[in-house]
Amino acid sequence: MGSAISALMAYEYGLDFTLLFADTLIEDEDLYRFCDDIERVTETKIVRLVDGRTPWDVYVDKRWIGNTKTAHCSTELKTIPVRKWLDENALPDEPLVLGMDWSEMDRIERAGGNWSPRPVVSLLNEFRVLRPEYDGILKRFGIKKPRLYDQGYSHNNCSGFCCKAGLGQFKRLYRNSPDVYKYHEEQMELAMAKIGPTAKPFLRKTDFGLTYYLTLKEYRLMLEAEQEGEIDDGAEGCGCFTDD
Ligand code: SF4
């Protein structure tokens, strides 16, 4: 949403801008509706960058399932295509605008180092737009908020899936979108079979000081047997794209 609000600010203040969308091919269908709305309002066609692989294809190619520390899905499907597009289409000193605000200054600074010498800019900071204002800005432009936010997700990435997310986010995914969860459960089983014995799932759970890894299938079985409140919610993902 921060990226979309940045696009609306750029349009409202008459800046010269290009909109980029790196598609992982497992995005929520409502994200495409949202992109269409942003295109219509800003009168700007979004440049869609598509590698052609999903995150699961990347995990199998790299023989390593992404996790909190190594999200090569983000590197391969977002950072590399965006960097390539910028190298071919933008001058070296033209800034990359990221949709983060003052509450994510650490990420803006990290991104600045990672994208150097290209400047990284936060329009949300420059125009002093705060997160509680996002809903009102979208309403002013007649755009409906992407539905994943209403379901409690803090990001609108990969339909609520993320290899960097913890138990809480996957519990939400299982409850809100069992079909999406089932897809990822099946993809994880396939990827682990293809990668072989070195494959490790990304979900971690700690009981009595002991940390162990869970597949999405194992976690679903726990959720099916869960008494309300029995499973600790854990962390939400993700620092996708900007942390690379
Ligand atoms: S949202 Fe998560 S799974 Fe999707 S590309 Fe980003 S890091 Fe990978």
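Both ligands and their constituent atoms are indexed starting at 1 by order of listing.
For the pair Lys139/Lys145, no side-chain contact is recorded, criterion being any heavy-atom separation below 4.5 Å from C-beta on. Between Leu8 and Ile137 there is a side-chain heavy-atom pair separated by less than 4.5 Å. Phe141 places none of its side-chain heavy atoms less than 4.5 Å from the side chain of Asp37.
Side-chain contact of Thr42 with Glu39: a donor-acceptor pair under 3.5 Å is absent, judged by distance alone.
Atoms of ligand 1 lying under 4.0 Å from at least one heavy atom of Ala71, given by number and element, are 7 (S). Per-residue contacts place Asn157 under 4.0 angstrom from the following atoms of ligand 1 (heavy atoms of the residue considered): 1 (S). Counting atoms of ligand 1 from 1 in the listed order, those under 4.0 Å from a heavy atom of Phe161 are 3 (S). Proximity to Cys73 (heavy-atom distance under 4.0 Å) selects the following atoms of ligand 1: 3 (S), 5 (S), 7 (S), 8 (Fe).
Relative ring orientation between Phe161 and Phe202 is described as perpendicular, the plane-to-plane angle rising above 60° on a 0-90° scale split at 30° and 60°.
For Cys163, the closest heavy-atom approach to ligand 1 falls below 4.0 Å.
Only the side chain of Cys158 comes within 4.0 Å of ligand 1, judged by heavy-atom distances.
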